[in-house]
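Excluded from the calculations below are hydrogen atoms, water molecules and symmetry mates; all remaining heavy atoms, backbone and side chain alike, are included.
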Amino acid sequence: MSSTWVGGAGLVAGCVGLAVPIQIGLAEAGMLVEGSITLLVLLTLHGKFVMETPARRAGSWWLVAIQAWLTYLPLTVFGAAWTPVCGLLVGALLIVAARIRSIVLVVLALCCGLVLLAAPERSSIDPIWAVVSPLLGVLEYALVTLALRARKLADARTEVMRRAVVLERRRFTRDLHDLVGHRLTVLVLKAQLVQRLVAEGDKRAQEEASETVELLRSLSADVRAVAHGLRGSSLAAELGSARSLLESVQVRCQVRVACRDLPRDVEEALTHSLREGVTNVLRHAEARQCTIHLLERDQMVRLTIRNDGVRPPRRPGDAGQGLANLAERVEELGGWLEATSSRSGQFAFTVYVPRRDNHSSAQ
């Protein structure tokens with residue numbers, strides 16, 4: 001059951017419980033009909049005010065003003081039987097005081113019933129209800145406040161769950177593109193190579209076909225890893241794979257590594273960066289030479305991929321989603337990426353990631 005329904009049920013129960021002694025008193029005074037109609041109007045206005053969305057709205061004040069008027073003016077007609085309705089006014093004023101954070105209004109609310117003790121004719125009021133009514137108002141305020149807080153907590157929990165779903169969807173989409181997209185690019189190139197070798201009668205066709213089968217198995221494992229959120233990337237293995245892949249398509253590749261063992265999150269980001277860089281070389285260039293440098297200096301790890309044979313850009317959107325995904329990964333670690341090209345067809349892709357060891361981050 002929602003908190004709104006719980007609060008509403010509690011409010012109805014309280015109003016009914018308060019209405020019973022008022023009805024008995026009105027019946028004893030012989031004013032049951034007119035008193036009941038006035039009480040119904042008062043309870044309707046009070047319920048409307050209490051159950052409305054909490055906000056600092058000027059429109060709420062007229063409800064409180066009418067309720068105050070219906071609280072004190074009927075006392076001259078209905079007498080002591082009308083005294084319990086002061087509890088409703090106390091609750092309404094406490095709710096307003098909480099909305100505008102007014103201590104003065106809290107004091108005024110608690111005095112709504114006690115002020116009746118100063119009436120010149122004690123017979124027109126019920127002293128016991130005049131003293132008890134502030135307690136009823138406080139009880140109503142506590143009940144309404146708890147219901148509203150429960151609703152806010154439920155809304156906050158729903159928002160957290162929604163954000164978690166959005167983040168998981170983004171993770172899945174990003175990982176699917178970075179892992180599977182790279183493998184598919186390699187598979188296409190391998191299939192084209194096998195097709196060409198078979199047409200030429202080259203004995204290497206069988207070897208390349210076996211590598212293609214292994215890539216398909218690797219792709220299947222990557223899909224499972226993405227689906228389950230697994231992290232099993234190895235930067236060293238990816239460097240060796242990048243060199244073998246580039247050389248298999250007649251691209252001379254030079255790899256230089258000069259850095260220590262990296263934290264897992266940094267290695268993961270650089271592995272994805274390497275995949276994206278190699279994929280760009282294969283998709284968007286007719287390269288003959290490529291250099292991959294992984295260096296570390298002053299707690300900053302730098303991965304640079306340079307290649308020639310860059311094709312002229314066709315459309316602004318041809319870069320795809322890969323660089324955007326990669327920029328997001330690197331920025332989460334406090335890094336950034338740079339991409340530059342020259343008129344001679346040279347392209348440089350560089351990723352900077354600060355090294356963050358466990359012991360240094362703890363400090």
Side-chain angles (χ1 to χ4, degrees), residues 4-55 57-99 102 104-145 147-148:
T4 303
W5 282 104
V6 172
L11 178 63
V12 171
C15 290
V16 171
L18 188 65
V20 171
I22 296 176
Q23 293 284 79
I24 294 175
L26 291 173
E28 293 176 351
M31 298 181 180
L32 182 60
V33 176
E34 54 268 42
S36 298
I37 294 175
T38 307
L39 181 61
L40 179 61
V41 174
L42 177 60
L43 292 177
T44 302
L45 292 174
H46 182 72
K48 175 179 175 57
F49 172 78
V50 171
M51 297 303 294
E52 70 182 1
T53 304
R57 298 183 300 173
S60 300
W61 286 99
W62 71 270
L63 292 174
V64 179
I66 295 177
Q67 185 173 337
W69 182 74
L70 291 176
T71 297
Y72 292 115
L73 187 60
L75 284 169
T76 59
V77 179
F78 305 132
W82 199 251
T83 307
V85 300
C86 291
L88 300 176
L89 183 59
V90 172
L93 290 176
L94 287 176
I95 292 174
V96 174
R99 293 179 185 177
S102 173
V104 176
L105 201 56
V106 172
V107 176
L108 291 176
L110 297 177
C111 294
C112 286
L114 299 176
V115 73
L116 296 178
L117 298 176
E121 296 184 9
R122 289 296 183 91
S123 61
S124 63
I125 65 168
D126 187 332
I128 296 179
W129 277 108
V131 174
V132 173
S133 59
L135 299 179
L136 296 177
V138 171
L139 181 62
E140 181 188 56
Y141 167 75
L143 180 63
V144 172
T145 301
L148 291 176

**Student:** So, applying side-chain contact (heavy atoms from CB on, under 4.5 Å) with Leu93, which one of Leu110, Val106, Val64 is it?
**Tutor:** Val64
**Student:** Test side-chain contact (heavy atoms from CB on, under 4.5 Å) on Val85 and Phe78 and set out the steps.
**Tutor:** CA-CA 12 Å; Val85 300; Phe78 305 132; over 6 Å; no
**Student:** With sequence neighbours excluded, tell me which residues meet side chain to side chain contact (heavy atoms under 4.5 Å, CB included) with Val107.
**Tutor:** Cys111
**Student:** Enter the distance from Leu70:CG to Leu75:CG here, rounded to the nearest 0.5 Å.
**Tutor:** 11.0 Å
**Student:** Roughly how far apart are Leu135 CG and Leu139 CG, rounded to 0.5 Å?
**Tutor:** 9.0 Å
**Student:** Minimum heavy-atom separation for Pro84 and Ala81, please, with both atom names.
**Tutor:** CD-O, 3.4 Å
**Student:** Rounded at 0.5 Å granularity, tell me how far OG in Ser133 sits from CD1 in Ile128.
**Tutor:** 12.0 Å
**Student:** Step by step, work out the side-chain contact (heavy atoms from CB on, under 4.5 Å) result for Leu116 and Trp129.
**Tutor:** CA-CA 10 Å; Leu116 296 178; Trp129 277 108; over 6 Å; no
**Student:** Distance from Glu140 atom CD to Leu88 atom CG, nearest 0.5 Å?
**Tutor:** 6.0 Å
**Student:** Give a yes or no answer on whether the side chain of Gln67 reaches the backbone of Leu45 with a donor-acceptor pair at less than 3.5 Å.
**Tutor:** no
**Student:** Side chains of residues 16-24: which donor-acceptor partners sit under 3.5 Å, not counting sequence neighbours?
**Tutor:**
from: Gln23; atom 1: OE1; to: Ser36; atom 2: OG; distance (Å): 2.9
from: Gln23; atom 1: NE2; to: Ser36; atom 2: OG; distance (Å): 3.3

**Student:** Between Cys112 and Thr71, does the side-chain contact (heavy atoms from CB on, under 4.5 Å) criterion hold? Intermediate values first, please.
**Tutor:** CA-CA 10 Å; Cys112 286; Thr71 297; over 6 Å; no
**Student:** Output yes when a side-chain donor or acceptor of Tyr141 lies under 3.5 Å from a complementary backbone atom of Val90, and no otherwise.
**Tutor:** no
**Student:** Indicate the atoms forming the closest heavy-atom contact of Phe49 with Ala92, along with that distance.
**Tutor:** CE2-O, 3.5 Å
**Student:** From Ile95 CD1 over to Thr145 OG1, what is the distance, rounded to the nearest 0.5 angstrom?
**Tutor:** 6.5 Å
**Student:** Out of curiosity, Leu89 CG to Leu94 CG, how far, rounded to the nearest 0.5 Å?
**Tutor:** 9.5 Å
**Student:** According to the side chain to side chain donor-acceptor pair (under 3.5 Å) rule, which pairs have a member within residues 78-92, sequence neighbours left out?
**Tutor:** none
